[in-house]
Amino acid sequence: MPPTSHNGVSGSGSRPGSTKPGTPISNTSNCSLILRKQLLDLQKYPVDGFSAGLVDDDNILEWQIVIMGPADTLYEGAILKARLIFPPEYPILPPKMIFDSEMWHPNVYDKGDKKGEVCVSILHQPGEDEWGYEDAGERWLPVHTVESVLISVISLLSQDVPDLSSPANVDAAKEVREDFASYKKKVKRLARRSAEEAYD
């Protein structure tokens, strides 16, 4: 049986408070240092279109994101709330981005335990795509940052017509193909609602 430290955590290399048992201390502390630096950089040098902060000051692995709907798009005027959830292995592995604001977009899951999760190449696990939709270079690379992820998501929302090649929300993709006017109307309604809810 491994020795137990004074705080009740076994001496097996796990870090107290780690979100994943068995995460080596060096992995978690490296992740924490990188994320703190990226957060400080974003606060010191804000980027147009979004803001970022921690959901809880004691948890560097979960960020609150607010995206301002890009001008001249269906999302213009929207105030979209989301979270970035980082694995302790970041930046080797990508974060997950989950919209808390209701979304209707082919690249955002709308059902089940993935509801609100963004499906975009930059957030997919590194390596080859088993389905052949993406090149390895389009997927997550450790050089990506929170800023590059959010710019990619804003770009996704700015497309005139969403990419339908591998939809997370099949119903939204079908509506884009079959009744684009109805799709646009629904997105604009949700964008207005997000702005109203932001001021409630």
Side-chain angles (χ1 to χ4, degrees), residues 14-70 73 75 77-105 107-110 112-126 138-158 168-169 190-191 193-200:
S14 290
R15 179 178 170 264
S18 168
T19 57
K20 195 169 183 183
T23 302
I25 290 172
S26 60
N27 250 12
T28 306
S29 57
N30 186 43
C31 167
S32 179
L33 288 171
I34 290 167
L35 286 173
R36 286 194 191 286
K37 181 182 183 326
Q38 289 184 23
L39 182 60
L40 285 172
D41 286 349
L42 285 172
Q43 290 171 340
K44 201 172 183 180
Y45 309 105
V47 178
D48 282 346
F50 68 84
S51 64
L54 298 180
V55 170
D56 173 351
D57 288 342
D58 295 329
N59 183 5
I60 192 69
L61 298 178
E62 188 170 357
W63 291 25
Q64 176 72 50
I65 305 297
V66 176
I67 295 176
M68 306 308 291
T73 72
Y75 294 92
I79 301 173
L80 303 170
K81 294 181 180 179
R83 286 170 292 133
L84 274 173
I85 300 171
F86 299 88
E89 299 84 2
Y90 180 86
I92 302 303
L93 296 178
K96 283 183 183 177
M97 183 165 174
I98 301 168
F99 276 104
D100 294 319
S101 298
E102 188 177 350
M103 297 292 288
W104 185 247
H105 191 285
N107 295 95
V108 179
Y109 289 96
D110 71 322
D113 59 352
K114 286 192 160 207
K115 184 175 174 71
E117 188 174 331
V118 178
C119 180
V120 64
S121 300
I122 196 173
L123 295 177
H124 293 166
Q125 297 283 333
E138 295 175 302
R139 296 167 74 90
W140 179 258
L141 296 169
V143 295
H144 288 306
T145 62
V146 170
E147 182 177 342
S148 62
V149 166
L150 293 175
I151 288 171
S152 179
V153 171
I154 290 169
S155 173
L156 180 82
L157 299 177
S158 299
N169 180 338
L190 290 173
R193 185 192 299 168
S194 73
E196 290 163 5
E197 288 173 352
Y199 293 108
D200 281 350

Task: Pairwise distance CG(Leu156) to CD1(Ile151) - rounded to 0.5 angstrom - done: 14.0 Å

Task: Exercise: identify the closest heavy-atom pair between Ser152 and Ile122 - done: OG-CG2, 3.6 Å

Open item on the list: Nearest 0.5 Å, please: how far is OG in Ser101 from CD1 in Ile67?
Closed with: 9.0 Å

- [ ] Sequence neighbours left out, what passes side-chain contact (heavy atoms from CB on, under 4.5 Å) with Asn169? Give chain and number order.
- [x] Trp104, Asp110, Asp171, Ala172

Task: Gap separating the CD1 atom of Ile65 from the CG atom of Leu150, nearest 0.5 angstrom - done: 5.0 Å

Open item on the list: Please check this pair: side chain of Asn107 against backbone of Cys119, looking for a donor-acceptor N/O pair closer than 3.5 Å.
Closed with: yes

Task: Sub-4.5 Å side-chain heavy-atom contact between Met103 and Leu80 - done: yes

Task: Closest non-hydrogen atom pair between Pro94 and Pro87, with its separation - done: O-CD, 3.3 Å

- [ ] Indicate the atoms forming the closest heavy-atom contact of Val153 with Phe99, along with that distance.
- [x] CG1-CZ, 4.1 Å

- [ ] List in chain and number order the residues that pass salt bridge (Lys or Arg N to Asp or Glu O under 4.0 Å) with Glu197, two or more places apart in sequence or in another chain; answer none if no residue qualifies.
- [x] none

Task: CG on Leu61 to CG on Leu84, rounded to 0.5 Å - done: 11.5 Å

Task: salt bridge (charged side-chain N to carboxylate O under 4.0 Å, His left out) contacts in which one or both residues fall within residues 114-125, not counting sequence neighbours - done: none

Would you mind writing out the side-chain donor-acceptor pairs for residues 37-55 within the sub-3.5 Å range, not counting sequence neighbours?
from: Lys37; atom 1: NZ; to: Asp41; atom 2: OD2; distance (Å): 2.8
from: Gln38; atom 1: OE1; to: Tyr90; atom 2: OH; distance (Å): 3.1
from: Gln38; atom 1: OE1; to: Val146; atom 2: N; distance (Å): 3.0
from: Gln38; atom 1: NE2; to: Tyr90; atom 2: OH; distance (Å): 3.2

Open item on the list: Are the side chains of Val120 and Met97 in contact, using a 4.5 Å heavy-atom criterion?
Closed with: no

Task: 4.5 Å side-chain heavy-atom contact, Ile98 and Ile85 - done: yes

Open item on the list: Considering only residues two or more places apart or on different chains, which pairs with a residue in residues 52-69 satisfy salt bridge (charged side-chain N to carboxylate O under 4.0 Å, His left out)?
Closed with: Glu62-Arg83

Task: Point-to-point distance, once rounded to the nearest 0.5 Å, from CG of Leu190 to OH of Tyr75 - done: 8.0 Å

Open item on the list: Under a 3.5 Å distance rule, please check whether Trp140 uses its side chain to pair with a backbone N or O of Pro91 as donor and acceptor.
Closed with: yes

Open item on the list: Under the rule for salt bridge (Lys or Arg N to Asp or Glu O under 4.0 Å), what residues qualify as partners of Lys96, not counting sequence neighbours?
Closed with: none

Task: Spacing of Arg36 atom CZ and Ile60 atom CD1 [to the nearest 0.5 Å] - done: 4.0 Å

